[in-house]
Amino acid sequence: MPAPGFRDAIWRLVFRIGHPAARVWWRLSRSQHEGALVAVYVEGELLLVRSSYRAEWSFPGGSLHRGEAPETAARRELVEEIGLVAPALLPVGEVSGTWEGRRDRVHLFELRLTGLPPLRLDNREIVDVRLAACEAARGLALTGPVAAYLERELSTPDRAFI
């Protein structure tokens with residue numbers, strides 16, 4: 001991964017300042033949010049991303065734009081965050097909770113790949129990626145929706161993690 005340039009560093013600073021400010025606003029305004037995340041499995045391991053403004057690992061994804069379908073948002077975010085064009089996404093449900101001070105409804109999708117394609121991180125919002133086995137991922141600091149997904153998926157006996 002190339003070292004961040006000056007513009008990337010400025011964007012990272014904006015994210016690091018803006019995200020905590022947004023969290024305060026969400027709490028005060030009792031904000032509601034709808035998003036989409038993609039659990040990308042690469043030969044049985046999960047692809048996790050880390051943003052420049054939070055310590056927890058997450059899946060690629062983000063907010064739905066007004067009128068945007070969840071799968072469209074998931075596909076858009078994959079391209080924006082890691083440069084991955086998804087051949088097919090499998091909808092696997094949704095999780096809801098209060099995370100980061102706002103009520104959140106997150107649509108979940110899965111993408112299973114036989115190998116890790118070349119990724120292109122934006123190096124502004126997304127600054128790191130890693131692969132982790134499902135059980136190992138549970139031991140990491142994860143965002144609320146990702147932790148909820150793993151808890152649900154790993155507690156379902158008929159789920160096959162290959």
Report the residues that fulfil salt bridge (Lys or Arg N to Asp or Glu O under 4.0 Å) with Glu94, sequence neighbours left out, ordered by chain and then residue number. Arg105

Which hydrophobic side chains are connected to Val85, either touching it within the sub-4.5 Å cutoff or through other members that do? Val79

Can you measure from OG (Ser51) to CG (Asp122) and round to the nearest 0.5 angstrom? 10.0 Å

Let me check something: do Ile126 and Phe109 share a hydrophobic cluster, defined by ILVMFWY side-chain heavy atoms less than 4.5 Å apart, either directly or through other members? yes

Can you name the residues that form a side chain to side chain contact (heavy atoms under 4.5 Å, CB included) with Thr98, not counting sequence neighbours? Arg103

Consider side-chain contact (heavy atoms from CB on, under 4.5 Å). Of Leu47, Leu48, Val40, Leu46, which one does Leu131 pass it with? Leu47

Locate the shortest heavy-atom distance separating Ala36 from Pro70; write the atom from each residue and the value. CB-O, 3.6 Å

If you compare all heavy atoms of Gly62 against all heavy atoms of Leu37, which two are closest, and at what distance to 0.1 Å? N-CD2, 4.4 Å

All salt bridge (Lys or Arg N to Asp or Glu O under 4.0 Å) counterparts of Arg76, not counting sequence neighbours: Glu68, Glu80

Using a distance-only test with no angle check, is there a side-chain donor-acceptor pair under 3.5 angstrom linking His107 and Glu71? no

Using the six-membered ring wherever Trp is involved, compare the ring planes of Tyr149 and Tyr41 and label them parallel, tilted or perpendicular (cut-offs 30° and 60°). tilted

Check salt bridge (Lys or Arg N to Asp or Glu O under 4.0 Å) between Glu56 and all other residues, then give those that pass, not counting sequence neighbours. none

Group every Ile, Leu, Val, Met, Phe, Trp and Tyr by side-chain heavy-atom contacts under 4.5 Å, then state whether Val146 and Val95 land in the same group. yes

Value for CG (Leu113) from CG (Leu116), rounded to nearest 0.5 Å, stands at 8.0 Å

Side-chain donor-acceptor pairs of residues 134-141 under 3.5 Å, sequence neighbours excluded:
unit_1: Arg138; atom_1: NH2; unit_2: Glu151; atom_2: OE1; d: 2.9

Could you walk me through whether Phe59 and Thr143 pass the side-chain contact (heavy atoms from CB on, under 4.5 Å) test, one step at a time? CA-CA 9 Å; Phe59 294 149; Thr143 61; over 6 Å; no

Any side-chain to backbone donor/acceptor pair from Glu81 onto Gly61? Under 3.5 Å, distance only. yes

What I'd like to find out is whether the side chain of Leu121 reaches to under 4.5 Å of the side chain of Ile82, using heavy atoms alone. yes

Verdict with reasoning, Arg75 to Leu89, per side-chain contact (heavy atoms from CB on, under 4.5 Å): CA-CA 8 Å; Arg75 288 177 178 284; Leu89 296 180; 3.7 Å; yes

What is the minimum heavy-atom distance between Leu84 and Pro117, and which atoms define it? CD1-CG, 3.5 Å

Between Leu64 and Leu78, is there a shared hydrophobic cluster once you connect ILVMFWY residues whose side-chain heavy atoms come closer than 4.5 Å? no

